[in-house]
Number of protein chains: 2
Amino acid sequence: MNKIVKGNCIDILLELDSDSVDLIYFDPPFYTQKKHSLRAKNEKKYEFSDSWDSIDDYLSVIEKCLTECKRVLKSTGSVFLHCDKAASHYIRVVLDKVLGVKNFQSEIIWTYKRWSNSKKGLLNSHQNIYFYSKGKDFKFNQFYTDYSATTNVDQILQDRKRTSTGKSTYKTDENGEVVLGKAKKGVPLSDTWEIPYLNPKAKERVGYPTQKPVLLLKEIIKLCTDKGDLVVDPFCGSGTTCVASKLLERNYIGIDISEDAVQLANDRLEKMIVTDSNLLKKGSSSYIEKSEEDISLLNTIGAIPVQRNSGIDGFLKDHFEGKPVPVKIQNRNETLEDTIEKLEKASRNKKYNLKIVVQTKSENENSRLFEFKTDVKIIKSNKLLIDELRR
Amino acid sequence: MNKIVKGNCIDILLELDSDSVDLIYFDPPFYTQKKHSLRAKNEKKYEFSDSWDSIDDYLSVIEKCLTECKRVLKSTGSVFLHCDKAASHYIRVVLDKVLGVKNFQSEIIWTYKRWSNSKKGLLNSHQNIYFYSKGKDFKFNQFYTDYSATTNVDQILQDRKRTSTGKSTYKTDENGEVVLGKAKKGVPLSDTWEIPYLNPKAKERVGYPTQKPVLLLKEIIKLCTDKGDLVVDPFCGSGTTCVASKLLERNYIGIDISEDAVQLANDRLEKMIVTDSNLLKKGSSSYIEKSEEDISLLNTIGAIPVQRNSGIDGFLKDHFEGKPVPVKIQNRNETLEDTIEKLEKASRNKKYNLKIVVQTKSENENSRLFEFKTDVKIIKSNKLLIDELRR
DNA sequence: ACCGTCCCTGAATCATTGG
DNA sequence: TCCAATGATTCAGGGACGG
């Protein structure tokens, strides 16, 4: 597990156990009948050929490969097949055949803004991803997005009933007051995703043609796998799928027929560890989730986040008595004392005039905080204040 | 010209001259294998059946009809075929066959926000429109949209040249100054269109199932026809295409097999009601009135933002004692009393068990808040708590 | 296993009401 | 007359259930 393998994807797939894979991201050559090439920053030229004798020739390769994919997939597994307009309809016919019409789940549209060209007609700015599950009980993590700006959320919290004619209306009790319904989670994720196209200057770019943004792959992986699950990419190219899997702590196997691609993907995974380790220094593997919450909190108090200091999460934009004000947010796994100590340690020798800890958990009864001598000021997070209201 | 004809579309198309039509909007049943019915405001029930013996049965009808469409089309004419995920791939195979792979121009994605349901998986929120021309010299009016906010317009005005290795760079003259190119017109219209779905309460609604927004049809018609051109809709239903054609001063022929549909379409052409979408006019950002800060704060306390209620800024995701918890953040220009009053007013008749105001400003000395009777709970924002530390 | 049929879901946004 | 607040209505829906 967690490797990039050089070889024909069918051969390599044959070596995998049946019912062992959670997600397959299938991104074959698009049947453009062209040779794709691109020069990387180090001037190395990467290319692959997407020329075929005929569409049938092309499709038969796809079909064989998909059949093998189906075999290695767990019964709860899914395939995401990425293609573009050129052959998407023929490929979907194959998908229907191999995986079954019933297991078609969604046509995902990936839209992006892009450079215009002089083509007569509309500017091409989407690609299609077909989502098929192996069976009925596929793994799916529901994600929710914000309500539209025009939605009256206040209203939709109400319960409803049916009138005699079968129309649905909002329910009121005997006093004419509205009846409130159950908690709302937000809007289920749509099948149209707007994710920026990989910018030609993006650092992420490694110079491989048709490289996909990591964001797109992360989205797909989060949707259909959990931590520790296995993701396979039979046409992995520059290894974006593997990078995304690694970031999300999924296992991965990438396959590509080109020695260059395998080399490149491996390099990318190496380097990622390097850039990643800075983040790891800061805290735990929960970095990604925790940081979003914390960044919101730092935002609300007007603080600038600091990434590489385990004792300090940020500094207030406004100094206090001429000195910066360090802020630390209590971590889920820390006692308040721990938090204070870390902040104190990090600010030793720095004569800050004000140091702030944001408390995020209630103290338990045998807290000895009152015995604790510190000049750190403690404020309770708004979330904690609300939790206390619930008591 | 300019008529709605009752009958089978193939029969009616046979009566039309060859090379006489500029645009065909082809909106067949989607192969949902369901009966679609809807009741209009006057209680009249409109329905059509979309059940077929098999996909081949369905496709053979489509193919016959498309073949006839091709015949009546001028050499500069185009077909827009509207379908959804259910059979889009099979339909495109037929389109390739009848009109030719070379004449495929675009897959247009119509995306919209819509009310959700309890489906496992992604929320379905797009439909597909295939744009094929009859030949190479199809009529096409290029439309342009604004550059994206992140585009460096200054830079794209510069001319470019190629380096020896084939990379494209900006051109400079002998003095090293940039060379400005010719004026740019903007970004060509993309193939992904976000147009609001016909609203349940829209006046434009006539009670016919699957009714399309006039806006969508206007977009298509403007793209491929000029004033006085002829537009044909072989499955015209409630006649949206004809309404759009009339509005844009194009000629039209609508065909439908249902007497009811023909009647309805004619009525509609008599008194044309079109809702122009406020959302499109103003843009969804104009509805978002909350500041980044407020959104961050709502985020940190686990609340869903509400955009359209001056008394409530959000609801906590977790209910309290079975009821939602409204939250209001004190506004810069409000006294705390104002804020509380607004929240109270907005939650009148709703039996919330907990209502929260987030105080963001200190009370001044002559605050009369202590005289104020309310069951709203007040918490101080983290920002305020920090400001108070500074005193 | 495969149909209809019924019943439920739940957010979008224009129309209407209110000031 | 205009702007802001509120609500009505929808289902190119989806799933459960019974024959």
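It should be emphasised that the depicted structure is a prediction, and the values quoted were computed from it without experimental measurement. Here is the naming used below: chain letters follow the sequence lines, and residue numbers restart at 1 for every chain.
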* Show the numbers, then the answer: is there a side-chain hydrogen bond (donor to acceptor under 3.5 Å, both in side chains) between A:Ser125 and B:Ser190? => CA-CA 6 Å; A:Ser125 47; B:Ser190 133; 2.9 Å; yes
* To do: Could you work out which one of D:dA12, C:dA11, D:dG13 sits closest to the side chain of B:Ser116?
  => C:dA11
* Asked: So what's D:dA12 paired with, Watson-Crick or G-U wobble, going by both distances under 3.5 Å?
  -> none
* **Expected output: side-chain B:Asp50 to main-chain B:Thr32 donor-acceptor under 3.5 Å** => yes
* Between B:Phe26 and B:Phe235, is the ring centre distance below 6.0 Å? -> yes
* Asked: Where the side chain of B:Lys85 is defined as all heavy atoms beyond and including C-beta, which of D:dG13, D:dG15, D:dA12 is the nearest nucleotide?
  -> D:dG13
* pair B:Pro213-B:Trp110: side-chain heavy atoms closer than 4.5 Å -> yes
* Structure fact -> Rounded to whole Å, the NZ-P distance (A:Lys136 to D:dG15) equals 10 Å
* Taking NZ from B:Lys342 and C1' from D:dA4, how many angstroms apart are they, rounded to a whole number? -> 12 Å
* **Pairing partner of C:dT9 (Watson-Crick or G-U wobble, both distances under 3.5 Å)** => none
* Of A:Pro188 and B:Ser51, the one whose closest DNA chain C nucleotide lies more 5' -> B:Ser51
* Structure fact -> Per atom distances to the B:Lys201 side chain, the nearest of C:dA12, C:dA15, D:dA12 is C:dA15
* Asked: OP1, OP2 of D:dA12 versus side-chain N and O of B:Tyr197: anything below 4.0 Å?
  -> yes
* A:Lys102 side chain: which of C:dA12, D:dA12, C:dC2 is closest? -> C:dC2
* To do: Looking only at side-chain atoms of B:Asn117, point me to the closest of D:dG13, D:dA12, C:dA12.
  => D:dG13
* Structure fact -> note: B:Lys34, atom NZ; D:dG14, atom P; distance rounded to Å ~ 6 Å
* Answer yes or no on whether A:Lys222 is positioned over the face of A:Phe143, meaning its NZ or CZ is under 6.0 Å from the six-membered ring centre and within 45° of the axis. => yes
* Would you indicate what B:Asn128 reaches in the nucleic acid, counting non-hydrogen atoms under 4.0 angstrom: base, sugar-phosphate, or nothing? => nothing
* Asked: How close or far is atom C1' of C:dA12 from atom NZ of B:Lys203, stated in whole angstroms?
  -> 19 Å
* Assign B:Pro213 to base, sugar-phosphate, or nothing according to its heavy-atom contacts below 4.0 angstrom with the strands shown. => nothing
* Give B:Phe30 one of three labels, base, sugar-phosphate or nothing, depending on what nucleic acid heavy atoms sit under 4.0 Å from its own. => base
* Separation of A:Gln142 atom CD from C:dT9 atom C1', in whole Å? -> 13 Å
* Asked: Can you tell me how far P of C:dT9 sits from CZ of B:Arg114, to the nearest Å?
  -> 16 Å
* Look at all strands and tell whether B:Tyr208 reaches a base, only sugar-phosphate, or nothing, counting heavy atoms closer than 4.0 Å. => nothing
* What is the ring orientation for B:His82 with B:Phe30, classed by angle as parallel under 30°, tilted 30 to 60°, or perpendicular over 60°? -> parallel
* **D:dA12 versus D:dA8 - spacing of their C1' atoms, nearest Å** => 23 Å
* Would a line drawn from the ring center of B:Phe131 to the ring center of B:Phe80 be shorter than 6.0 Å? -> yes
* B:Tyr31 or B:Lys345, whichever maps to the more 5' nucleotide of DNA chain D -> B:Lys345
* Asked: If you look at every strand shown and take non-hydrogen atoms under 4.0 Å, does A:Gly186 touch a base, only sugar-phosphate, or nothing?
  -> sugar-phosphate
* **Nucleotide nearest A:Thr151 (side chain, heavy atoms from C-beta), chosen from C:dC14, C:dA11, D:dT10** => C:dA11
* Asked: B:Gln33 or B:Ala202: which one's nearest nucleotide on DNA chain C is closer to the 5' end?
  -> B:Gln33
* **Spacing of the P atoms in D:dG13 and D:dT9 (rounded, Å)** => 23 Å
* Asked: What's the CG-P distance between A:Asp191 and D:dG13, to the nearest Å?
  -> 11 Å
* Is a donor-acceptor contact shorter than 3.5 angstrom present between the side chain of B:Lys212 and the base of D:dA12? -> yes
* Asked: Can you tell me how far P of C:dT5 sits from NE2 of B:His36, to the nearest Å?
  -> 15 Å
* Residue B:Pro29, side-chain heavy atoms: nucleotide from C:dA11, D:dA12, D:dG14 that is nearest -> D:dA12
